[in-house]
Amino acid sequence: MTVKTRFAPSPTGYLHIGGARTALFNWLFARHNKGQFVLRIEDSDVARSTEESAQAILEGMSWLGLDWDEGPFFQSRRFDIYRVHAERLLDEGVLAYRCYCTPEELKERREAAMKEGRPPMYDGRCRQRSDAPALPYAVRFKVPPGATSFKDLVKGGVSFDNSQIEDLVILRSDGTPTYNFCVVVDDATMNITHVIRGDDHINNTPKQMLLYRALGYDVPEFAHLPMILGSDRTRLSKRHGATSVTAYREMGYLPHALVNYLARLGWSFGDQEIFSPEELIEKFTLENVGKSSGVFNPEKLLWLNQHYIKSSPSGELREEFLSRLKALGVDASADPRLDAIIKTLLERSKTLAEMAESALFYFVEQVAFDEKSARKFLTPEAAPLFAELAEGLKALDAFTEEGIEGAFNDILDRKGLKLGKLAQPVRVALTGGTVSPGIFEMIAALGRERSVKRLEGAVEFIESAGGGGAAGGGN
RNA sequence: GGCCCUAUCGUCUAGUGGCCCAGGACGUCGCCCUCUCAAGGCGAAAACACGGGUUCGACUCCCGUUAGGGCCGCCA
């Protein structure tokens with residue numbers, strides 16, 4: 001039997017971190033076992049579902065690289081299938097029945113029960129009803145007595161007493177099917193072999209198993225993944241910060257970093273931390289999924305992101321980098337320095353957003369001097385150094401890191417200075433601030449023209465500042 | 001309140017009865033490297049929730065307590 005898993009989100013919001021991990025584990029399990037992965041949109045609650053959410057979820061999946069073999073199926077387009085199944089149960093007479101209680105009545109009873117400390121379960125009062133008033137009715141599944149247990153692939157043995165399970169509604173009074181019923185009909189008719197989902201669904205499992213049996217279908221395997229919690233150990237939600245996959249994309253995270261992080265949250269393979277998607281597929285098994293919930297740790301994600309950025313070939317990030325620059329007002333698509341520039345930024349950027357921002361100085365016409373840095377480093381003593389370096393750079397045969405270093409060393413030797421005494425002022429002259437990539441690689445990437453111009457501009461700046469001139473920039 | 005699940009460093013985790021006075025990673029701190037910032041290297045602090053069993057021997061098995069989470073909808 002070939003393995004078939006599914007991811008079945010409800011389109012009531014964006015793809016969030018928890019959903020993404022559920023999708024990932026389903027995908028990994030299917031790929032590892034050379035099986036199929038199905039995407040199904042659970043929009044049986046038509047009122048709450050939106051087209052945009054469904055679209056956002058598909059985009060999130062694609063961005064993460066989680067491709068599906070079948071679907072997306074939409075429950076809203078399968079209502080007749082559910083109705084046929086529900087009627088089958090109703091026809092049997094003993095498996096389902098019509099309930100004429102109104103939602104308002106039910107709510108009242110539930111609240112009363114809660115207040116008295118009783119379990120807020122439906123009491124089954126319409127079970128015995130033999131009349132058929134001309135009133136709206138919902139269809140309820142008649143939960144049989146006994147116990148329902150199963151062997152969860154991550155949690156182990158789980159058992160429920162059926163007396164704890166109420167007669168659930170499978171068809172609303174408007175004729176639409178409910179979640180627990182749709183899931184069963186869908187998973188059965190789509191031949192899902194392994195249901196892998198969040199453990200907030202573990203209580204639904206016995207209800208669904210009972211439904212499978214009533215319908216005469218085989219019960220699939222279940223694997224319930226522990227929840228992802230926020231730093232305060234409650235269910236991860238918006239107030240814990242960014243929780244949507246899209247948000248991480250926008251902040252400049254790489255999909256592999258997110259995938260790697262999510263995989264290691266709840267799953268492990270010895271001491272290994274870094275996994276390519278291929279490696280995850282090869283190594284992923286449900287046995288190595290932990291049973292306990294885990295706290296989402298943005299700092300570790302950030303570390304992974306930095307890891308993936310610094311180990312990316314510069315060409316791989318080019319497009320994304322360009323579009324981020326563009327958003328900052330820089331069109332660098334035709335700039336021949338592009339790859340060299342990216343290379344200088346690779347190992348000092350935690351996100352793509354940060355990378356684009358720290359690249360800005362390479363492209364601006366006028367360097368904006370940071371006031372404090374300028375006061376400290378753009379001094380009258382520095383001016384002749386800049387002039388000399390500008391000459392040295394002009395005279396270079398090859399404008400390479402080695403050549404540039406040579407030009408620096410000439411000056412250093414002549415003046416008897418340490419590199420720091422020259423590099424830091426030069427850094428301010430060229431970038432406007434005191435933080436940048438290594439001085440030689442940075443100058444090589446900046447280019448000869450601009451480096452010389454900016455040095456000369458800094459000399460002018462110093463001279464005019466000496467005469468009381470205003471702060472400005474070099475070229 | 002009832003039911004279900006869970007319990008190793010701050011966090012993610014390794015550990016499947018002796019290899020563990022518990023290993024790795026993020027984070028934190030210190031040192032080294034160093035032209036700044038990073039990266040990198042080295043090192044440090046940091047955990048088996050508690051109580052009973054079982055066993056020659058428990059982080060590992062069982063029971064209980066405690067704590068956390070989840071679910072109790074004509075939401076999914």
Side-chain angles (χ1 to χ4, degrees), chain A residues 8-12 42-45 47-49 75 99 101-103 106-107 110 113-122 136-140 152 154-156 158-161 163-166 168-180 182-183 198-206 224 226-227 229 231 233-235 261 264-274 288 290-304 306-307 310 345-350 358 373 408 418-428 431 433-440 442:
Chain A
S10 68
T12 52
E42 310 231 314
D43 57 351
S44 59
D45 184 358
R48 290 205 207 182
S49 303
Q75 291 185 327
C99 172
C101 301
T102 66
L106 293 168
K107 194 171 173 226
R110 204 159 33 234
M114 285 278 220
K115 214 152 71 185
E116 292 166 35
R118 285 181 290 116
M121 273 173 58
Y122 177 64
Y137 62 87
V139 177
R140 283 185 188 271
D152 190 278
V154 344
K155 302 278 188 184
V158 184
S159 184
F160 291 83
D161 194 316
S163 65
Q164 298 297 322
I165 306 170
E166 69 172 2
L168 58 145
V169 170
I170 58 175
L171 237 46
R172 302 183 184 99
S173 47
D174 65 1
T176 60
T178 60
Y179 164 75
N180 278 113
C182 294
V183 172
D199 71 8
D200 47 340
H201 283 295
I202 206 159
N203 298 288
N204 285 326
T205 307
H224 287 95
M227 301 266 84
L229 274 23
S231 49
R233 299 208 146 266
T234 63
R235 195 195 186 108
Y261 177 72
R264 276 291 284 102
L265 213 196
W267 173 84
S268 61
F269 191 81
D271 284 342
Q272 192 172 341
E273 295 287 349
I274 306 293
N288 290 327
K291 296 176 178 200
S292 53
S293 49
V295 174
F296 181 74
N297 183 346
E299 290 179 326
K300 187 158 184 183
L301 206 208
L302 193 59
W303 171 77
L304 272 164
Q306 181 170 34
H307 168 84
K310 76 169 181 254
L345 266 13
L346 246 25
E347 67 180 25
R348 53 201 102 227
S349 307
K350 290 189 194 307
S358 45
S373 310
F408 268 74
K418 302 265 278 177
L419 179 56
K421 291 291 177 197
L422 180 57
Q424 210 47 2
V426 168
R427 193 185 314 277
V428 176
T431 71
T434 52
V435 174
S436 89
I439 196 80
F440 307 129
M442 182 269 284

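Reminder, nothing fancy here: chain letters follow the sequence lines and each chain counts from 1. FYI, side chains are in, hydrogens and waters are out, and symmetry mates aren't considered; it's all heavy atoms of this structure.
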Looking at B:rA76, B:rG69, B:rU36, which one has an atom nearest to any side-chain atom of A:Ser44?
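Of the options given, the side chain of A:Ser44 lies nearest B:rA76.
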Just checking A:Tyr261 against A:His307, ring centres under 6.0 Å apart?
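So the answer is no for these two rings.
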Expressed as a whole number of Å, how far does the C1' atom of B:rG10 sit from that of B:rC19?
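Between the two C1' atoms, the distance is 29 Å.
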RNA chain B: 5'-proximal contact among A:Thr434 and A:Val158 (nearest heavy atom):
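Closer to the 5' end of RNA chain B: A:Val158.
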With RNA chain B as reference, determine whether A:Phe440 or A:Asp271 sits nearer its 5' end, using the nearest nucleotide of each.
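Closest to the 5' end, via its nearest nucleotide, is A:Asp271.
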Do A:Asp161 and A:Ser163 have a side chain donor and acceptor closer than 3.5 Å?
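A donor-acceptor contact under 3.5 Å links the two side chains.
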Can you tell me if A:Ser436 and A:Arg427 form a side-chain donor-acceptor pair at under 3.5 Å?
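A:Ser436 vs A:Arg427: donor-acceptor pair found between side chains.
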I'd like to know if [X] reaches the base of [N] with its side chain such that a donor and an acceptor end up less than 3.5 angstrom apart.
| X | N | result |
| --- | --- | --- |
| A:Asp199 | B:rG70 | no |
| A:Glu273 | B:rG24 | yes |
| A:Ser173 | B:rC74 | yes |

Can you see if the side chain of [X] gets near the phosphate of [N] - specifically, an N or O under 4.0 Å from OP1 or OP2?
| X | N | value |
| --- | --- | --- |
| A:Arg235 | B:rC71 | yes |
| A:Gln272 | B:rG24 | no |
| A:Arg348 | B:rG40 | no |
| A:Arg48 | B:rC74 | no |
| A:Ser268 | B:rA14 | yes |
| A:Arg140 | B:rC74 | yes |
| A:Lys310 | B:rG40 | yes |

Exceeds 12 heavy-atom contacts within 6.0 angstrom, atom OH of A:Tyr179:
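Correct, the count exceeds 12.
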Would you say A:Lys310 has more than 12 foreign heavy atoms packed within less than 6.0 Å of its NZ?
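Buried by this count: over 12 neighbours within 6.0 Å.
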Counting any heavy atom closer than 4.0 Å, what does A:Leu419 reach on the DNA or RNA strands: base, sugar-phosphate only, or nothing?
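A:Leu419: base contact, heavy atoms under 4.0 Å.
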In whole Å, what is the span from the [atom1] atom of [X] to the [atom2] atom of [N]?
| X | N | atom1 | atom2 | answer |
| --- | --- | --- | --- | --- |
| A:Glu299 | B:rA25 | CD | P | 17 Å |
| A:Phe408 | B:rU36 | CZ | P | 13 Å |
| A:Trp303 | B:rU11 | CH2 | P | 19 Å |
| A:Ile202 | B:rG69 | CD1 | P | 17 Å |
| A:Leu229 | B:rG69 | CG | P | 7 Å |

